[in-house]
Amino acid sequence: MWQRTTYNHRHLVTLEETNLVGNVYFSNYFLWQGHCRERFLAERAPGVFRALREDFAMVTVSSRCDFLAELYAAEEVEVRMSLGAHGANKVTMLFDYYRLQDRTAQLVARGEQTIACMRRTAEGMEPIDVPGELAEALRPYEREPALAVDRSV
């Protein structure tokens, strides 16, 4: 069976991330997408990460998450990110969330996030190509051949 390569980020769920019922509040899954993406950038594309302090911007165009099972405080979750698609200025990342328990991994959620690469100018934001360092860093995580994505935001 074919296995795709993923960038993995582990997280221990805290009480702060749960709601009154005791399960993880839905917005934290989106927060964990960001944590995984940012750790990836810091480790695999540090020049892109530094460029975020200058005129480069990664604008989240869309984000979604499908919930399959509940997570609770003190459980370990592993967020596995892979490349779904990329085009001239957009990248779509796929996220699988696994509960890690007793040497097993249970899929508890699936997510997706699309970002657009932009440059801040005096006139506003303008689309730019995905930086070469980022494209190269994402290559090992590609699920399928690159798909064309339009440059509009």
Side-chain angles (χ1 to χ4, degrees), residues 1-118 128-147 149 153:
M1 182 179 176
W2 176 70
Q3 284 275 349
R4 71 176 189 238
T5 302
T6 58
Y7 175 83
N8 302 332
H9 169 66
R10 288 189 179 189
H11 176 75
L12 185 64
V13 177
T14 65
L15 283 171
E16 175 184 36
E17 296 169 313
T18 62
N19 58 26
L20 293 174
V21 179
N23 60 337
V24 170
Y25 190 65
F26 78 95
S27 64
N28 288 297
Y29 291 82
F30 296 100
L31 185 65
W32 300 337
Q33 282 183 14
H35 289 174
C36 185
R37 180 189 72 191
E38 289 166 18
R39 290 180 75 88
F40 172 82
L41 287 174
E43 291 175 20
R44 306 290 163 89
V48 173
F49 201 72
R50 285 189 301 274
L52 290 168
R53 293 182 229 151
E54 298 165 9
D55 65 343
F56 178 68
M58 288 186 353
V59 177
T60 302
V61 180
S62 66
S63 185
R64 70 178 233 326
C65 193
D66 299 324
F67 306 99
L68 309 171
E70 301 290 349
L71 281 173
Y72 298 91
E75 290 188 315
E76 188 173 25
V77 61
E78 184 173 70
V79 182
R80 300 177 185 174
M81 183 182 79
S82 62
L83 178 63
H86 66 87
N89 84 314
K90 290 186 183 172
V91 175
T92 298
M93 296 153 289
L94 306 176
F95 298 89
D96 292 331
Y97 302 76
Y98 285 89
R99 172 188 292 120
L100 303 179
Q101 185 177 15
D102 301 326
R103 298 180 187 245
T104 62
Q106 177 194 9
L107 183 65
V108 295
R110 284 208 159 108
E112 180 176 299
Q113 182 181 112
T114 300
I115 59 105
C117 295
M118 307 290 284
I128 61 169
D129 289 342
V130 173
E133 181 186 18
L134 179 56
E136 190 60 35
L138 288 168
R139 194 172 326 273
Y141 305 96
E142 199 164 6
R143 185 178 195 176
E144 301 171 10
L147 303 174
V149 180
V153 174

Exercise: identify the closest heavy-atom pair between [X] and [Y]:
X      : Y      : value
Thr92  : Leu83  : O-CD1, 3.5 Å
Pro131 : Val48  : CB-CG2, 4.0 Å
Leu100 : Ala105 : CD2-CB, 3.8 Å
Cys65  : Tyr29  : SG-CB, 3.9 Å
Met118 : Asn89  : SD-ND2, 4.1 Å
Thr104 : Gln101 : OG1-O, 2.6 Å

Show every ring-ring contact (aromatic ring centres under 6.0 Å, His included) that has at least one partner inside residues 36-56, sequence neighbours left out.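 Checked against ring-ring contact (aromatic ring centres under 6.0 Å, His included) - neighbours excluded - the pairs reaching residues 36-56 are Tyr7-Phe40, Phe40-Tyr141.
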Within a reach of under 6.0 Å around [atom1] of [X], are more than 12 heavy atoms found that belong to other residues, nucleotides or ligands?
X     : atom1 : value
Arg44 : CZ    : yes
Leu68 : CG    : yes
Tyr25 : OH    : no

Quick one: [atom1] on [X] to [atom2] on [Y], what's the gap to the nearest 0.5 Å?
X      : Y      : atom1 : atom2 : answer
Leu41  : Arg39  : CG    : CZ    : 12.0 Å
Met58  : Glu38  : CE    : CD    : 7.5 Å
Phe95  : Arg110 : CZ    : CZ    : 13.5 Å
Glu136 : Arg139 : CD    : CZ    : 4.0 Å
Glu76  : Leu12  : CD    : CG    : 6.5 Å
Thr114 : Arg64  : OG1   : CZ    : 9.5 Å

Applying side chain to side chain donor-acceptor pair (under 3.5 Å), can you list everything that pairs with [X], at least two apart in sequence or on another chain?
X     : answer
Thr14 : Glu17
Tyr97 : Gln33
Thr18 : none
Asn19 : Asn23

side-chain contact (heavy atoms from CB on, under 4.5 Å) against Leu31, all qualifying residues, sequence neighbours excluded: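 Only Asn28, His35 meet the side-chain contact (heavy atoms from CB on, under 4.5 Å) criterion with Leu31.
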Candidate list Glu78, Arg37, His11, test side chain to side chain contact (heavy atoms under 4.5 Å, CB included), partner Trp32, passing option: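 The residue from Glu78, Arg37, His11 that satisfies side chain to side chain contact (heavy atoms under 4.5 Å, CB included) with Trp32 turns out to be His11.
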Would you say that His86 contacts Glu142 through its side chain, given a criterion of any heavy-atom pair below 4.5 Å between the two side chains?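 His86 vs Glu142: side chains touch.
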Donor-acceptor pair between Thr6 and Ser82 side chains, under 3.5 angstrom: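 Per modelled atom types, Thr6 and Ser82 side chains form no pair under 3.5 Å.
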